[in-house]
Amino acid sequence: MTVTLDNLGWDSRFEEAFRQLAQPGWYPARIIRETKINYTVIGQGTGDHDVVLSGKVWNDADSDADLPAVGDWVAVDPGQEGDIPVIRARLPRKTCFSRKAPGKSTAEQVIGANIDIVVIVTDAAEDFNPRRIERYLTLVRKSGADPIVLINKADQTPKGILQEAVDSLRSLAPNLPVHPISARKRKGYPDILALVPSGLTITIVGSSGVGKSTLVNSLLGEEWLDTGDVNAVTGKGRHTTVARELVILPDGGCLIDNPGMREIQMWTDAETLRANFADLSELAAQCKFADCSHGKDAGCAIRAAVENGTLSQERYEHYMRLDEEIEELVRRSEKRQMTLERVNKRKTREKIRNYEDRRDQRRDRHPNRPC
(Lines give C-alpha, C1' and ligand atoms only; values in the text may rest on other atoms or scores of the structure.)
Protein backbone atom coordinates (compact mmCIF):
# COMPACT_ATOMS: atom_id res chain seq x y z
CA MET A 1 0.00 0.00 0.00
CA THR A 2 1.29 3.46 -0.93
CA VAL A 3 1.46 5.61 2.20
CA THR A 4 -0.07 9.08 1.95
CA LEU A 5 -0.38 11.87 4.50
CA ASP A 6 -4.13 11.24 4.59
CA ASN A 7 -3.49 7.60 5.59
CA LEU A 8 -1.40 8.85 8.47
CA GLY A 9 -4.08 11.21 9.82
CA TRP A 10 -2.96 14.50 8.24
CA ASP A 11 -5.66 17.17 8.26
CA SER A 12 -6.15 20.92 7.74
CA ARG A 13 -5.09 21.68 11.32
CA PHE A 14 -1.68 20.08 10.84
CA GLU A 15 -1.39 21.58 7.35
CA GLU A 16 -1.84 25.10 8.71
CA ALA A 17 0.57 24.53 11.60
CA PHE A 18 3.21 23.17 9.22
CA ARG A 19 2.73 26.06 6.79
CA GLN A 20 3.39 28.62 9.52
CA LEU A 21 6.69 27.16 10.73
CA ALA A 22 8.23 25.23 7.83
CA GLN A 23 11.21 26.45 5.81
CA PRO A 24 11.79 25.63 2.11
CA GLY A 25 12.72 21.98 1.70
CA TRP A 26 11.27 20.78 5.01
CA TYR A 27 8.66 18.04 4.87
CA PRO A 28 6.01 16.73 7.32
CA ALA A 29 6.38 13.26 8.82
CA ARG A 30 4.85 11.24 11.64
CA ILE A 31 6.88 9.53 14.34
CA ILE A 32 6.40 5.77 14.31
CA ARG A 33 9.17 4.73 16.72
CA GLU A 34 11.57 6.27 19.21
CA THR A 35 14.76 5.07 20.86
CA LYS A 36 17.15 6.66 23.34
CA ILE A 37 19.20 8.21 20.54
CA ASN A 38 16.92 8.84 17.57
CA TYR A 39 13.46 8.57 16.02
CA THR A 40 11.96 6.75 13.06
CA VAL A 41 9.42 8.70 11.01
CA ILE A 42 7.32 8.11 7.91
CA GLY A 43 5.99 10.59 5.40
CA GLN A 44 4.48 10.72 1.96
CA GLY A 45 6.99 9.44 -0.59
CA THR A 46 9.78 9.20 2.00
CA GLY A 47 9.17 5.74 3.45
CA ASP A 48 10.22 5.10 7.04
CA HIS A 49 13.64 6.47 7.94
CA ASP A 50 15.69 7.53 10.94
CA VAL A 51 15.97 11.16 12.03
CA VAL A 52 17.60 13.01 14.91
CA LEU A 53 16.29 15.79 17.13
CA SER A 54 17.61 19.33 16.75
CA GLY A 55 19.19 20.98 19.75
CA LYS A 56 16.67 23.80 19.61
CA VAL A 57 13.67 21.47 19.95
CA TRP A 58 15.42 19.74 22.85
CA ASN A 59 16.30 22.96 24.66
CA ASP A 60 12.91 24.58 24.08
CA ALA A 61 11.06 21.68 25.72
CA ASP A 62 9.99 22.44 29.29
CA SER A 63 9.79 18.72 30.09
CA ASP A 64 10.18 15.31 28.45
CA ALA A 65 6.45 15.39 27.67
CA ASP A 66 7.05 18.35 25.33
CA LEU A 67 9.53 16.36 23.26
CA PRO A 68 8.28 14.45 20.19
CA ALA A 69 6.64 11.10 20.97
CA VAL A 70 5.19 8.24 18.94
CA GLY A 71 2.23 9.57 16.98
CA ASP A 72 3.48 13.16 16.81
CA TRP A 73 3.70 15.11 13.55
CA VAL A 74 7.04 16.83 13.04
CA ALA A 75 8.71 19.13 10.51
CA VAL A 76 11.84 17.46 9.11
CA ASP A 77 14.82 19.18 7.52
CA PRO A 78 16.49 16.79 5.04
CA GLY A 79 19.75 18.76 5.10
CA GLN A 80 22.41 18.21 2.47
CA GLU A 81 22.94 14.95 0.62
CA GLY A 82 24.36 12.37 3.01
CA ASP A 83 23.14 14.20 6.12
CA ILE A 84 20.84 12.56 8.67
CA PRO A 85 17.47 14.39 8.51
CA VAL A 86 16.73 16.58 11.51
CA ILE A 87 13.46 17.25 13.37
CA ARG A 88 13.18 21.05 13.47
CA ALA A 89 9.77 21.34 15.14
CA ARG A 90 6.91 19.35 16.66
CA LEU A 91 3.45 20.30 15.43
CA PRO A 92 0.74 21.03 18.05
CA ARG A 93 -1.05 17.86 19.20
CA LYS A 94 -4.69 17.13 18.52
CA THR A 95 -4.84 14.75 21.51
CA CYS A 96 -2.28 13.52 24.02
CA PHE A 97 -2.76 10.27 25.95
CA SER A 98 -0.56 10.40 29.06
CA ARG A 99 -0.07 8.96 32.50
CA LYS A 100 2.13 9.93 35.42
CA ALA A 101 5.55 8.38 34.96
CA PRO A 102 6.00 5.23 37.08
CA GLY A 103 7.63 5.62 40.47
CA LYS A 104 7.83 8.70 42.68
CA SER A 105 8.34 11.15 39.85
CA THR A 106 5.80 13.92 39.18
CA ALA A 107 6.61 13.86 35.46
CA GLU A 108 4.15 13.23 32.64
CA GLN A 109 4.77 10.23 30.38
CA VAL A 110 3.23 10.46 26.92
CA ILE A 111 1.81 7.11 25.82
CA GLY A 112 0.81 8.32 22.36
CA ALA A 113 0.01 11.53 20.50
CA ASN A 114 -2.79 12.41 18.07
CA ILE A 115 -4.84 9.32 18.96
CA ASP A 116 -8.52 9.21 18.00
CA ILE A 117 -9.64 6.05 19.85
CA VAL A 118 -8.13 4.30 22.88
CA VAL A 119 -8.99 0.60 22.91
CA ILE A 120 -8.91 -0.78 26.47
CA VAL A 121 -8.53 -4.56 26.55
CA THR A 122 -9.38 -6.73 29.53
CA ASP A 123 -10.91 -10.16 30.17
CA ALA A 124 -13.62 -11.44 32.48
CA ALA A 125 -11.35 -13.72 34.49
CA GLU A 126 -8.09 -13.04 36.34
CA ASP A 127 -7.55 -9.60 34.82
CA PHE A 128 -11.06 -8.26 35.38
CA ASN A 129 -10.91 -5.12 37.50
CA PRO A 130 -13.49 -2.33 36.99
CA ARG A 131 -11.41 0.01 39.13
CA ARG A 132 -8.50 -0.28 36.69
CA ILE A 133 -10.84 0.45 33.77
CA GLU A 134 -12.04 3.56 35.63
CA ARG A 135 -8.45 4.73 35.76
CA TYR A 136 -8.02 4.19 32.03
CA LEU A 137 -11.28 6.01 31.27
CA THR A 138 -10.21 9.01 33.35
CA LEU A 139 -6.92 9.24 31.41
CA VAL A 140 -8.71 8.81 28.07
CA ARG A 141 -11.17 11.59 28.86
CA LYS A 142 -8.28 13.90 29.75
CA SER A 143 -6.50 13.07 26.46
CA GLY A 144 -9.40 14.10 24.23
CA ALA A 145 -9.68 10.69 22.57
CA ASP A 146 -12.70 8.34 22.62
CA PRO A 147 -12.66 5.03 24.57
CA ILE A 148 -13.75 1.54 23.53
CA VAL A 149 -13.57 -1.38 25.99
CA LEU A 150 -13.04 -4.93 24.73
CA ILE A 151 -13.57 -7.97 26.96
CA ASN A 152 -11.34 -10.54 25.30
CA LYS A 153 -11.52 -14.35 25.49
CA ALA A 154 -15.33 -14.28 25.36
CA ASP A 155 -15.27 -17.74 23.77
CA GLN A 156 -13.53 -19.11 26.89
CA THR A 157 -15.80 -17.42 29.47
CA PRO A 158 -19.14 -18.75 30.80
CA LYS A 159 -22.01 -16.63 29.48
CA GLY A 160 -23.24 -15.60 32.93
CA ILE A 161 -19.83 -14.35 34.04
CA LEU A 162 -19.29 -12.60 30.70
CA GLN A 163 -22.63 -10.76 30.91
CA GLU A 164 -21.91 -9.65 34.47
CA ALA A 165 -18.59 -8.21 33.28
CA VAL A 166 -20.26 -6.38 30.38
CA ASP A 167 -22.96 -4.89 32.64
CA SER A 168 -20.39 -3.88 35.25
CA LEU A 169 -18.22 -1.99 32.75
CA ARG A 170 -21.13 -0.34 30.94
CA SER A 171 -22.23 1.15 34.26
CA LEU A 172 -18.93 3.02 34.61
CA ALA A 173 -19.77 5.78 32.12
CA PRO A 174 -22.79 6.84 30.04
CA ASN A 175 -22.84 5.26 26.56
CA LEU A 176 -19.50 3.53 27.10
CA PRO A 177 -18.93 1.07 24.20
CA VAL A 178 -18.20 -2.37 25.71
CA HIS A 179 -17.77 -5.37 23.40
CA PRO A 180 -17.07 -9.01 24.30
CA ILE A 181 -14.69 -10.39 21.66
CA SER A 182 -12.46 -13.30 20.79
CA ALA A 183 -9.21 -11.98 19.36
CA ARG A 184 -8.05 -15.55 18.77
CA LYS A 185 -11.06 -16.25 16.53
CA ARG A 186 -11.35 -12.65 15.31
CA LYS A 187 -15.00 -12.41 16.37
CA GLY A 188 -17.14 -9.75 18.02
CA TYR A 189 -15.17 -6.70 16.85
CA PRO A 190 -17.11 -3.40 16.64
CA ASP A 191 -17.35 -1.96 13.13
CA ILE A 192 -14.69 0.68 13.76
CA LEU A 193 -12.14 -2.07 14.53
CA ALA A 194 -13.34 -4.58 11.97
CA LEU A 195 -12.40 -1.99 9.34
CA VAL A 196 -10.22 0.80 10.77
CA PRO A 197 -10.67 3.60 8.23
CA SER A 198 -7.83 5.51 6.61
CA GLY A 199 -6.66 8.48 8.66
CA LEU A 200 -7.93 7.16 12.01
CA THR A 201 -5.40 6.42 14.76
CA ILE A 202 -6.13 3.93 17.51
CA THR A 203 -4.04 2.68 20.40
CA ILE A 204 -4.44 -0.51 22.41
CA VAL A 205 -3.79 -0.61 26.16
CA GLY A 206 -4.29 -3.17 28.88
CA SER A 207 -2.46 -5.54 31.18
CA SER A 208 -0.09 -8.20 29.93
CA GLY A 209 -1.77 -11.49 29.16
CA VAL A 210 -5.19 -10.17 28.09
CA GLY A 211 -4.51 -10.80 24.40
CA LYS A 212 -3.35 -7.41 23.12
CA SER A 213 -0.74 -8.93 20.82
CA THR A 214 -3.30 -11.39 19.45
CA LEU A 215 -5.64 -8.48 18.80
CA VAL A 216 -2.90 -6.51 17.03
CA ASN A 217 -2.08 -9.51 14.86
CA SER A 218 -5.73 -9.93 13.93
CA LEU A 219 -6.03 -6.26 12.95
CA LEU A 220 -2.88 -6.49 10.84
CA GLY A 221 -3.91 -9.80 9.33
CA GLU A 222 -0.55 -11.38 10.06
CA GLU A 223 1.67 -12.63 12.88
CA TRP A 224 3.42 -9.31 13.35
CA LEU A 225 3.97 -9.71 17.10
CA ASP A 226 4.97 -12.72 19.13
CA THR A 227 2.18 -13.83 21.44
CA GLY A 228 3.41 -14.79 24.89
CA ASP A 229 2.32 -17.65 27.07
CA VAL A 230 0.09 -16.90 30.04
CA ASN A 231 1.07 -18.35 33.39
CA ALA A 232 -1.61 -20.88 34.35
CA VAL A 233 -1.33 -19.98 38.04
CA THR A 234 -1.18 -16.17 37.96
CA GLY A 235 -3.01 -15.58 34.71
CA LYS A 236 -0.33 -13.05 33.78
CA GLY A 237 1.36 -12.89 30.42
CA ARG A 238 4.82 -11.98 29.25
CA HIS A 239 5.46 -8.53 27.83
CA THR A 240 5.38 -9.44 24.17
CA THR A 241 5.35 -5.78 23.10
CA VAL A 242 8.54 -4.13 24.33
CA ALA A 243 8.31 -0.64 22.82
CA ARG A 244 5.68 1.75 21.50
CA GLU A 245 5.34 1.70 17.75
CA LEU A 246 2.94 3.08 15.17
CA VAL A 247 1.99 0.71 12.37
CA ILE A 248 -0.27 1.18 9.35
CA LEU A 249 -3.23 -1.18 9.09
CA PRO A 250 -4.34 -2.85 5.83
CA ASP A 251 -7.28 -0.47 5.35
CA GLY A 252 -5.16 2.63 5.89
CA GLY A 253 -5.74 3.41 9.56
CA CYS A 254 -2.91 3.66 12.11
CA LEU A 255 -2.33 1.69 15.30
CA ILE A 256 -0.02 2.56 18.20
CA ASP A 257 0.84 -0.59 20.13
CA ASN A 258 1.93 -0.31 23.76
CA PRO A 259 3.68 -2.65 26.19
CA GLY A 260 1.55 -3.97 29.03
CA MET A 261 1.23 -1.36 31.79
CA ARG A 262 2.06 -2.38 35.33
CA GLU A 263 1.17 1.05 36.74
CA ILE A 264 -1.68 3.35 35.67
CA GLN A 265 -1.04 6.44 37.71
CA MET A 266 -3.15 9.55 37.27
CA TRP A 267 -2.08 12.39 35.01
CA THR A 268 -5.21 14.50 34.99
CA ASP A 269 -7.07 17.12 37.02
CA ALA A 270 -10.00 17.20 39.41
CA GLU A 271 -12.35 18.56 36.74
CA THR A 272 -11.72 15.59 34.43
CA LEU A 273 -12.11 13.16 37.33
CA ARG A 274 -15.49 14.61 38.24
CA ALA A 275 -16.63 14.48 34.63
CA ASN A 276 -15.73 10.80 34.50
CA PHE A 277 -17.65 10.18 37.73
CA ALA A 278 -20.70 12.24 36.75
CA ASP A 279 -23.02 10.26 39.03
CA LEU A 280 -20.93 11.13 42.09
CA SER A 281 -20.68 14.76 40.99
CA GLU A 282 -24.47 14.96 40.85
CA LEU A 283 -24.72 13.49 44.34
CA ALA A 284 -22.03 15.87 45.63
CA ALA A 285 -24.16 18.80 44.49
CA GLN A 286 -26.85 17.59 46.90
CA CYS A 287 -24.56 17.58 49.95
CA LYS A 288 -25.59 19.90 52.78
CA PHE A 289 -22.28 21.76 52.78
CA ALA A 290 -20.42 22.99 49.69
CA ASP A 291 -17.04 21.98 51.16
CA CYS A 292 -18.21 18.47 52.10
CA SER A 293 -15.30 16.01 52.20
CA HIS A 294 -17.70 13.09 51.58
CA GLY A 295 -16.40 11.37 54.65
CA LYS A 296 -18.06 11.89 58.04
CA ASP A 297 -19.57 15.31 57.26
CA ALA A 298 -23.23 15.76 58.22
CA GLY A 299 -25.66 15.78 55.32
CA CYS A 300 -23.30 14.03 52.85
CA ALA A 301 -25.41 12.82 49.92
CA ILE A 302 -22.67 10.50 48.64
CA ARG A 303 -22.35 8.67 51.93
CA ALA A 304 -26.14 8.42 52.12
CA ALA A 305 -26.22 6.84 48.64
CA VAL A 306 -23.67 4.25 49.75
CA GLU A 307 -25.67 3.46 52.87
CA ASN A 308 -28.96 3.00 51.00
CA GLY A 309 -27.31 0.89 48.28
CA THR A 310 -27.77 3.21 45.26
CA LEU A 311 -23.97 3.70 45.04
CA SER A 312 -21.49 0.87 45.46
CA GLN A 313 -18.94 1.12 48.24
CA GLU A 314 -16.19 0.09 45.80
CA ARG A 315 -16.94 2.88 43.30
CA TYR A 316 -17.14 5.45 46.10
CA GLU A 317 -13.82 4.35 47.62
CA HIS A 318 -12.11 4.31 44.23
CA TYR A 319 -13.32 7.82 43.46
CA MET A 320 -11.93 9.08 46.77
CA ARG A 321 -8.63 7.26 46.15
CA LEU A 322 -8.24 8.81 42.68
CA ASP A 323 -9.11 12.23 44.07
CA GLU A 324 -6.40 11.84 46.71
CA GLU A 325 -3.87 10.78 44.05
CA ILE A 326 -4.63 13.86 41.97
CA GLU A 327 -4.35 16.16 44.98
CA GLU A 328 -1.04 14.55 45.93
CA LEU A 329 0.23 14.96 42.36
CA VAL A 330 -0.72 18.65 42.44
CA ARG A 331 1.00 19.15 45.81
CA ARG A 332 4.20 17.43 44.68
CA SER A 333 4.21 19.31 41.36
CA GLU A 334 3.82 22.64 43.18
CA LYS A 335 6.58 21.69 45.61
CA ARG A 336 8.87 20.74 42.74
CA GLN A 337 8.11 24.02 40.98
CA MET A 338 8.91 26.00 44.14
CA THR A 339 12.19 24.09 44.48
CA LEU A 340 13.13 24.83 40.87
CA GLU A 341 12.34 28.51 41.36
CA ARG A 342 14.57 28.65 44.43
CA VAL A 343 17.38 26.90 42.55
CA ASN A 344 17.06 29.28 39.60
CA LYS A 345 17.10 32.33 41.91
CA ARG A 346 20.21 30.97 43.63
CA LYS A 347 21.94 30.43 40.28
CA THR A 348 21.00 33.95 39.21
CA ARG A 349 22.43 35.40 42.41
CA GLU A 350 25.63 33.39 41.90
CA LYS A 351 25.95 34.66 38.34
CA ILE A 352 25.53 38.24 39.52
CA ARG A 353 27.98 37.76 42.37
CA ASN A 354 30.54 36.09 40.09
CA TYR A 355 30.16 38.88 37.55
CA GLU A 356 30.67 41.52 40.25
CA ASP A 357 33.76 39.67 41.54
CA ARG A 358 35.25 39.54 38.05
CA ARG A 359 34.49 43.23 37.53
CA ASP A 360 36.18 44.16 40.82
CA GLN A 361 39.23 42.09 39.89
CA ARG A 362 39.53 43.84 36.52
CA ARG A 363 39.17 47.22 38.24
CA ASP A 364 41.94 46.35 40.73
CA ARG A 365 44.29 45.18 37.96
CA HIS A 366 43.55 48.00 35.56
CA PRO A 367 42.20 50.97 37.51
CA ASN A 368 42.29 53.26 34.46
CA ARG A 369 40.52 50.85 32.08
CA PRO A 370 36.69 51.00 31.77
CA CYS A 371 35.03 47.87 33.14
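Residue numbers start at 1 and run along the sequence shown.
A continuous path of hydrophobic side-chain contacts links Leu255 to Ile181 [ILVMFWY only; heavy atoms under 4.5 Å]. Linking Ile, Leu, Val, Met, Phe, Trp and Tyr whenever their side-chain heavy atoms come within less than 4.5 Å puts Val3 and Phe14 in one cluster. Ile31 and Val110 end up in different hydrophobic clusters when Ile, Leu, Val, Met, Phe, Trp and Tyr side chains are linked at under 4.5 Å. Note: the hydrophobic cluster containing Val52 does not contain Trp26 (ILVMFWY, side chain heavy atoms under 4.5 Å, direct or indirect links). Criterion: ILVMFWY side-chain heavy atoms under 4.5 Å apart, direct or through other members. Under it, Val205 and Leu246 are part of a common hydrophobic cluster.
Donor-acceptor pairing under 3.5 Å is lacking for the side chains of Thr214 and Asn217. Residues Asn308 and Thr310 bring a donor and an acceptor atom of their side chains to less than 3.5 Å of each other.
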Exercise. I would like to know whether Leu162 and Gln156 meet side chain to side chain contact (heavy atoms under 4.5 Å, CB included); could you show each step before the answer?
Key: CA-CA 9 Å; Leu162 183 62; Gln156 305 171 36; over 6 Å; no

Practice problem: Kindly determine whether Ser54 and Ile87 satisfy side chain to side chain contact (heavy atoms under 4.5 Å, CB included), including the steps that lead there. | Solution: CA-CA 6 Å; Ser54 72; Ile87 294 176; 5.8 Å; no

Exercise. Walk me through it: do Leu91 and Phe18 pass the test side chain to side chain contact (heavy atoms under 4.5 Å, CB included)?
Key: CA-CA 7 Å; Leu91 274 58; Phe18 181 77; 4.0 Å; yes

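To the nearest 0.5 Å, atom CG of residue Asp11 and atom NZ of residue Lys94 are 5.5 Å apart. Atom CD1 of Ile115 is separated from atom CG of Asp146 by 12.0 Å, given to the nearest 0.5 angstrom. For the atom pair Ser182 OG and Leu150 CG, the distance stands at 11.5 Å (nearest 0.5 Å). To the nearest 0.5 Å, the span separating CZ on Phe97 from CD1 on Ile111 amounts to 4.5 Å. We find the SG-CD distance between Cys300 and Glu307 to be 8.5 Å, quoted to the nearest 0.5 Å. To the nearest 0.5 Å, the span separating CD1 on Ile204 from CD1 on Ile117 amounts to 11.0 Å.
Between Glu15 and Trp10 the shortest side-chain heavy-atom distance falls below 4.5 Å. With a 4.5 Å cut-off on side-chain heavy atoms, Leu137 and Ile120 count as touching. Looking at Ile151 and Val178, their side chains come closer than 4.5 Å, going by heavy atoms from C-beta outward. Between Leu53 and Tyr39, some side-chain heavy-atom pair lies under the 4.5 Å cut-off.
Heavy-atom neighbours of Leu21 CG from other residues, nucleotides or ligands within 6.0 Å: above the threshold of 12.
Across all their heavy atoms, Tyr189 and Ser218 have their closest contact at OH-OG, 2.5 Å. Taking each heavy atom of Thr95 and Ala145 in turn, the nearest pair found is CG2-N, 4.1 Å. Shown here for Gly211 and Asn152, the closest heavy-atom pair between the two residues is CA-ND2, 3.6 Å. In this structure, Leu176 and Pro147 approach most closely via the heavy-atom pair CD1-CG, 4.0 Å. Shortest non-hydrogen contact noted between Gly112 and Ile256 is CA-CD1, 4.4 Å. Smallest separation of non-hydrogen atoms from Val57 and Ala89: CG2-N, 3.8 Å.
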For residues 190-202, dump all side-chain donor-acceptor pairs below 3.5 Å to protein atoms at least two apart in sequence or in another chain.
residue : atom : partner : partner atom : Å
Ser198  : OG   : Asn7    : ND2          : 2.8
Thr201  : OG1  : Arg30   : NH1          : 2.8
Thr201  : OG1  : Arg30   : NH2          : 3.3

Using atom types as modelled, flag every donor-acceptor pair under 3.5 Å from a side chain in residues 66-78 to any protein atom, sequence neighbours excluded.
residue : atom : partner : partner atom : Å
Asp66   : OD2  : Asp62   : N            : 3.2
Asp66   : OD2  : Ser63   : N            : 3.4
Asp72   : OD1  : Arg93   : NE           : 2.9
Asp72   : OD2  : Ala69   : N            : 2.8
Asp72   : OD2  : Arg93   : NE           : 3.2
Asp72   : OD2  : Arg93   : NH2          : 2.8
Asp77   : OD1  : Gly79   : N            : 3.0
Asp77   : OD2  : Arg88   : NE           : 3.2
Asp77   : OD2  : Arg88   : NH2          : 3.3

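We find that Arg184 and Asp155 are joined by a salt bridge, their nearest charged nitrogen and carboxylate oxygen being less than 4.0 Å apart.
Between Tyr27 and His49, the ring-plane angle classifies as tilted under the 30° and 60° cut-offs.
For the side chain to side chain contact (heavy atoms under 4.5 Å, CB included) with Val247, the lone residue among Leu219, Leu220, Ile42, Ile32 that qualifies is Leu220.
Between the side chain of Asp257 and the backbone N or O of Glu245, no donor-acceptor pair lies under 3.5 Å. Under a 3.5 Å cut-off, the side chain of Thr138 and the backbone N or O of Glu134 do form a donor-acceptor pair.
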